[in-house]
Amino acid sequence: MSAASASRDSAVCGKDGEGGGSDGGRRQKSENKDDEIIVDGLSELQVSKANSAGDNNVDNTAEDKCDLETSDDDELFAEPPPKEDCPICFLPIPYSNSMCEVATLFMPCCGKMICRGCMVISAEEMVNGNMKKWCLLCRVPLHDSREEFSKRLEKRIKDYNDADALITLADAYKRGCNLSQDFEKAFEFWKQAAELGSCRAHFCLGNAYVNGAGVTEDYYRAIHHFKLAAIGGHEHARYFLGLMSSDNVDIAMKHFIIAARSGLDESLKKVGEGYKAGHVTKEDYASTLRAYQVSVNGMKSEQRKIAATLESRTLKEGVI
């Protein structure tokens, strides 16, 4: 297991404190193409059900739908906000966790989100005794157990109502790591974080509504939260909206182009398919490809590459 994948699993379980743990995930191939898992159990077949499910959902009253109206097209298809930067290496961090092999760590001591590349490289120095085992930003000693990490998370939430701390705690409940697995509690924490404006939290809520995890399955509300997440810049939320718009190719391609320009591989493939089918012009495909490359190159670094491939003994040493 690589350092990136191993520490990602540990983070959402309360060891590392990965703020974006449920934002993304690795694609897993199955024998049945329709069952291909994209993110966290969400398949293309499953997400495409949302094309008409919202209007047919008996739990959605007219008043509910009015309350869930998200935005007009100008807002939804506007240029997304720039990505946040890692406060250490100052390279962009995608909102979709592990996109372009960039994973993140949430530090409950100072409430900062850093890329795993910075932490893994520093952790090697810590293991070798060349660096103190402390936060790279605030110099507070690192937590030495999952219990201590959970306490720091709870304190961060109590003192600062921190959205990333809420998401990290929700991930721990979702996966049952160091806490009893509880999807309903995870959902409530995501809801609180979404109310604070977190696009990552809105993505998690959309994912929960599609899968019926901790809440009644509701595709209309899933679309609502995916829209809010996409407006905030979440790349996979934008991609899923493209899948959900499969009955309107023009709208779907708009979503795929925006996500591809942000650096999302899956969306670039969809744009390529759209170009071959005549739904995307040569000029739009070329400009999307150029923007994609700029985004991807901007997130690359040697230490992030090492973090994605390095076998991590630092996890066993209890450093991160």
Side-chain angles (χ1 to χ4, degrees), residues 23-30 32-54 70-71 73 75-81 83 92 94-102 199-200 202-203 206-207 210-211 219 222-300:
D23 286 356
R26 298 185 176 181
R27 295 172 68 91
Q28 302 174 21
K29 299 290 185 177
S30 68
N32 185 343
K33 183 178 180 181
D34 287 336
D35 291 331
E36 181 181 2
I37 298 173
I38 301 173
V39 172
D40 228 5
L42 194 62
S43 70
E44 290 199 20
L45 177 64
Q46 190 176 21
V47 80
S48 66
K49 293 178 183 177
N51 290 334
S52 58
T70 302
S71 61
D73 284 351
E75 183 181 14
L76 182 59
F77 294 107
E79 189 72 18
K83 293 177 173 62
Y95 290 100
S96 293
N97 196 51
S98 294
M99 174 179 148
C100 297
E101 296 186 316
V102 182
C199 70
R200 292 185 175 97
H202 279 297
F203 174 80
N207 201 14
V210 168
N211 288 293
Y219 288 102
I223 293 173
H224 166 73
H225 287 290
F226 283 147
K227 282 183 177 180
L228 290 173
I231 290 171
H234 198 288
E235 302 87 0
H236 263 110
R238 179 73 66 178
Y239 173 71
F240 288 157
L241 287 175
L243 296 179
M244 292 173 170
S245 304
S246 59
D247 58 340
N248 188 326
V249 177
D250 290 339
I251 294 297
M253 287 302 151
K254 281 185 179 182
H255 286 303
F256 291 140
I257 286 173
I258 293 173
R261 291 173 64 87
S262 297
L264 189 64
D265 289 345
E266 298 99 302
S267 276
L268 183 65
K269 292 176 183 178
K270 291 293 185 182
V271 176
E273 293 171 5
Y275 170 62
K276 292 178 181 178
H279 301 304
V280 176
T281 67
K282 181 178 180 180
E283 292 75 17
D284 284 344
Y285 181 53
S287 65
T288 299
L289 189 58
R290 285 192 293 267
Y292 163 84
Q293 201 60 61
V294 170
S295 292
V296 171
N297 289 341
M299 290 184 281
K300 285 183 177 180

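Inter-residue side-chain proximity for Tyr292 and Asp265 is flagged as met; some heavy-atom pair is nearer than 4.5 Å. Taking the side chain as every heavy atom from C-beta outward, Glu235 and Lys83 approach each other to under 4.5 Å.
Counting all heavy atoms, side chain and backbone alike, Cys100 lies closest to Met299 at SG-CE, 3.6 Å. Nearest approach of Ala237 to Ala229, heavy atoms of both residues: CB-CB, 3.5 Å. Annotation for Phe226 and Gly206: closest pair CZ-C, 3.5 Å, computed over non-hydrogen atoms. Of all non-hydrogen atoms in Leu264 and Met99, the two that sit nearest each other are N-CE, 3.6 Å. The two residues Gly242 and Ala252 come nearest to each other via the heavy atoms O-CB, 3.4 Å.
Distance check, rounded to the nearest 0.5 Å: NZ of Lys270 to OG of Ser267 gives 9.0 Å. Summarising the geometry, atom NZ belonging to Lys300 is positioned 9.0 Å from atom CD belonging to Glu101; distances are rounded to the nearest 0.5 Å. Taking NE2 of His234 as the reference point, atom CZ of Phe240 lies at 8.5 Å (rounded to 0.5 Å). Taken to the nearest 0.5 Å, the CD1 atom of Ile223 stands 7.5 Å off from the OG atom of Ser245.
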Which donor-acceptor pairs under 3.5 Å do the side chains of residues 253-263 make with protein atoms, sequence neighbours left out?
{"unit_1": "His255", "atom_1": "ND1", "unit_2": "Arg238", "atom_2": "NH1", "d": "3.2"}
{"unit_1": "Ser262", "atom_1": "OG", "unit_2": "Ile258", "atom_2": "O", "d": "3.2"}

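Not counting sequence neighbours, the partners of Thr281 by the side chain to side chain donor-acceptor pair (under 3.5 Å) test are Asp284. By the ring pair (Phe, Tyr, Trp, His ring centres under 6.0 Å) test, Tyr285 pairs with Tyr275, sequence neighbours left out. Residues that satisfy the side chain to side chain donor-acceptor pair (under 3.5 Å) test with Glu273, not counting sequence neighbours, are absent from this structure. When the side-chain contact (heavy atoms from CB on, under 4.5 Å) test is applied to Asp250, the partners found at least two apart in sequence or on another chain are Asn248.
Below 30°, between 30° and 60°, or above 60°: for Tyr239 and His236 the angle between ring planes is above 60°, a perpendicular geometry.
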